[in-house]
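Remarks on the structure that follows.
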Amino acid sequence: MLISSISKASSLLLMVIIGASSTSTVEGASHVNLRSWDEAKVLAKELVGQMSLEQKVNMTTGMGFNITPCVGNTYPITNPDFPSLCLQDAPLGMRFAYNVTAGVSGVNAAASFDKKAILQRGEYMGAEFRGKGVHIQLGPAMNFMRSPEGGRGWESFGEDPYLTGVAAAETITGIQSQGVIATSKHFIANDQEKNRHEESSNIDDRTMHEVYLWPFARSVEAGVGSVMCSYNKLNGTTACENEIMNSLLKEELGFNGFIQTDWWAALSTVDSPTNGLDMVMPGNMDQSDNHSPSYFGANLVNAVKEGKVKESRVTDMAVRIASAYYKMGQDKNFPKTTLDSFNPTPKGSVNVEANHKELVREMGAASVVLLSNEKNILPLTKADRSISIIGSDAFSDPLLFDRSKCGDFGCDPATLIQGWGSGTVSFPSYIVAPLDGIKARAGKNVKIQSTNDNYDLENAKKIAQASDIAIVFANADAGEEYISVDGNVGDRKNLTLWNNGDNLIQAVADANKNTIVVIHAVGAVLMPWANHPNIKAIVWPGLPGQESGNSLADVLFGDVNPSGRLPYTIAKKIEDYPAAATADLEIDYSEKLNVGYRWFDHKNIEPLYPFGYGLSYTKFDYGKLKVKVNGKKNQVSAQLQVQNIGHVDGAEVVQLYLSFPKDAGEPPKILRGFEKVFIKAGGHHKQSVKFELTKTELSIWDVTSQSWVIPHGEFEIHIGASSRDIRQSATFQL
Ligand SMILES: *[C@@H]1O[C@H](CO)[C@@H](O)[C@H](O)[C@H]1NC(C)=O
Ligand SMILES: *[C@@H]1O[C@H](CO)[C@@H](O)[C@H](O)[C@H]1NC(C)=O
Ligand SMILES: *[C@@H]1O[C@H](CO)[C@@H](O)[C@H](O)[C@H]1NC(C)=O
Ligand SMILES: *[C@@H]1O[C@H](CO)[C@@H](O)[C@H](O)[C@H]1NC(C)=O
């Protein structure tokens, strides 16, 4: 019965999975001719050369908060003309707007491990921002899940620098292909919310380069137009006044765009611009007075006149801003800004949604991580005649749409599709809740019973008992520190599920021997029930966006074969993690290079579910790994064949981990490549998978010479289906 339901679905499956990463087109996308930085700089210098000091300064200064169309606007300039630039949140879609798409969160984009899909996500977001006349999207977020509690970790791409770097670069390329400036943020080490304005992240030089700066290096290579400096301090100096803006970003990485502040992160008129800051946001220095003066504006004009800041620095600031504008072709046919962020109404709003919900549905499904699946209880089959759906997380709720009571999504009454804070997107007119998606897919021959009461455990048990399959839902939320939800001030105060989730799961599992657990979470949670004999499957859709229920149903019913992989480690207990979100004002990043799974390898701690892990409805076999070394060119290529030896078509995420020579001082192994490959079932279809390692992947940061060097000695390549499921290894010498 299993097989028949699957084979029926498999032609559809083929379309959907290939569609997610190669045939879908992004409707509403424009074809923009981007300029090179050199071409853009020529135009920028010509423009800025005609400007007075006041005009140049005004280009770098925000007009104040809550009084302009966007969350940030620069002053417009006339004669010569330069528009007021519109800057708008967020990394996963547009905040404070109507008729926009609420897609998957950054951490889900990472969980897809699908470069093409991440690129397309960037493209459709760019198309939506362009469509509303937004010049600068405030994303991607690229901070780290250094500790699982970190409130904004879900906006970014997980715990690994390589994965974060690839996801950031694809996102930036996608956004900017639409002529919208992307913003890499937050620079740098803004990895928790607690005391984020006071704490100092203290990081040694090598760790800085190999972990925290790494994704910014990949962003600069991808041509990112803007970088946002963060609230926290780095080694004791506020990021937005820190000389690393000049030394690391502009000199070492060769960044050509402009550095803007996080909102109200600027604290000075002289130190900030002198050390590399180019734009102050939102402009007013006093957060309680929207019209208060700026650290830039008239103050910066005076500082130049008093000789405290060089005028050439101000010219450079304006040139950098104009360069990003010209690079993205915003001087030609850029739509006029139609946002009204602080008083948005649907009336007259430009609808930019196009077909993007299809991409969101595909990506929601492609980022579901299947953690366990005993006796192939999934996908659901025709024999499953009755299903109970239990838990508030399976439902929608009017509160989610109430912007006055649940602003920036600081509430958790129902299903969770994103965290809270400024990094959120406005929903369109609907959310497909899990219950709706499952009902629609199951059809009327399946009896569905449900409850959204997480506290009436007797009732939950009664409903669970009465059906063939019980699906129980729970979630865990987090967000930005200016909103506190259930005592969680941004960062999570614990790693347990919310709203009585653990007790609900336990009760349902006690009552039904075919229990399936579904978790919507911002990051790792503790799962004390993971080994309950009645829990046959654990499904992890993360933060899937507006099509949540459809994406989930696609996977539960086998229309899509799950292929998401964990972009972070799920530990057995909280003490196992390398770092916690702490109240200390001096935060020493003492785990150094051993972030995430590297720590678990280094300390030999067995995780509950490792980084890179996720099951499929089929099985893959890895052929023999062949490695070729071109020592002169510092190039290493690795190739192998992967076969689908199961009964359904599906996608595998083939991962390459590298072990450096012993005395290089690296973690036991680190991710240095991944490819998501779709392979038809039947075993005779072999897919060749190839990795190219260049100097970037083979080097370590040498503190003495202040350069990237390739260590000499024996390297080992490990190819696996997760960081703890290595299938093939081979050594080579450099
Ligand atoms: C610059 O902006 C200020 C507002 O801060 C405005 O009064 C002034 O006219 C602008 N100057 C120029 C030259 O555009
Ligand atoms: C921060 O301090 C550490 C320890 O002294 C040092 O190794 C590192 O280079 C410093 N980072 C920067 C950017 O100055
Ligand atoms: C815009 O969104 C509103 C509210 O979500 C909806 O009622 C309206 O139909 C949408 N407009 C368009 C043009 O789609
Ligand atoms: C952890 O926090 C959540 C959300 O605030 C809360 O529901 C739960 O009861 C807390 N768990 C413990 C063990 O205190």
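One-based numbering, in listed order, for ligands and for the atoms of each. Because only heavy atoms are used, hydrogens play no part in the values below, and waters and symmetry mates are left out as well, while side chains stay in. All values reported here derive from a predicted model rather than from experimental measurement.
Protein heavy atom in closest approach to atom 7 (O) of ligand 3: Pro346 CB, 4.9 Å. Annotation: atom 6 (C) of ligand 4 to nearest protein heavy atom, Asp486 OD2, 3.9 Å. Among all non-hydrogen protein atoms, the one lying nearest atom 12 (C) of ligand 4 is Asn494 ND2, 3.4 Å. Protein heavy atom nearest atom 5 (O) of ligand 3, with residue, atom name and distance: Ser429 CB, 3.5 Å. Of all protein heavy atoms, the one lying nearest to atom 8 (C) of ligand 3 is Asn99 ND2, 3.7 Å. Scanning all protein heavy atoms for the shortest distance to atom 13 (C) of ligand 4 gives Thr496 OG1, 4.0 Å. The nearest heavy-atom contact from the protein to atom 14 (O) of ligand 3 is Asn351 ND2, 2.6 Å.
On a distance-only criterion, Asn235 and ligand 2 share at least one N/O pair closer than 3.5 Å. Not one N or O of Trp498 is nearer than 3.5 Å to an N or O of ligand 4, by distance alone.
The pair Arg146-Glu591 meets the salt-bridge criterion, with a side-chain N (NZ, NE, NH1 or NH2) lying under 4.0 Å from an Asp/Glu carboxylate O.
In this model, a donor atom of one side chain and an acceptor atom of the other lie less than 3.5 Å apart for Ser404 and Asp402. For the residue pair Glu547 and Tyr430, a side-chain donor N or O sits within less than 3.5 Å of a side-chain acceptor on the partner. If you check the side chains of Asp205 and Gln706, you find a donor sitting under 3.5 Å from an acceptor. Side-chain contact annotation: Ser105 with Gln418, donor-acceptor N/O pair under 3.5 Å absent.
Judged by the 6.0 Å and 45° rule, Arg218 forms a cation-pi pair with Trp214. Taking the centre and axis of the six-membered ring of Tyr98, the NZ or CZ atom of Arg403 falls inside the cone set by 45° and 6.0 Å.
Side chain of Glu159 to main chain of Val595: no donor-acceptor pair is present (N/O by atom type, distance under 3.5 Å, no hydrogens or angles). The main-chain N or O of Ile587 is never found under 3.5 Å from a side-chain atom of Asp584 such that the two would form a donor-acceptor pair.
In the vicinity of Ile244, heavy-atom distances shorter than 4.0 Å reach the ligand 2 atoms 13 (C). Listed by number with element, the atoms of ligand 4 under 4.0 Å from a non-hydrogen atom of Asn499 are 7 (O).
Residue-level proximity to ligand 2 for Ile203 is carried by the backbone, the only part with a heavy atom below 4.0 angstrom. By the criterion of a heavy-atom distance under 4.0 Å, the side chain of Lys493, and not its backbone, is placed next to ligand 4.
There is a protein heavy atom less than 4.0 angstrom from atom 10 (C) of ligand 2.
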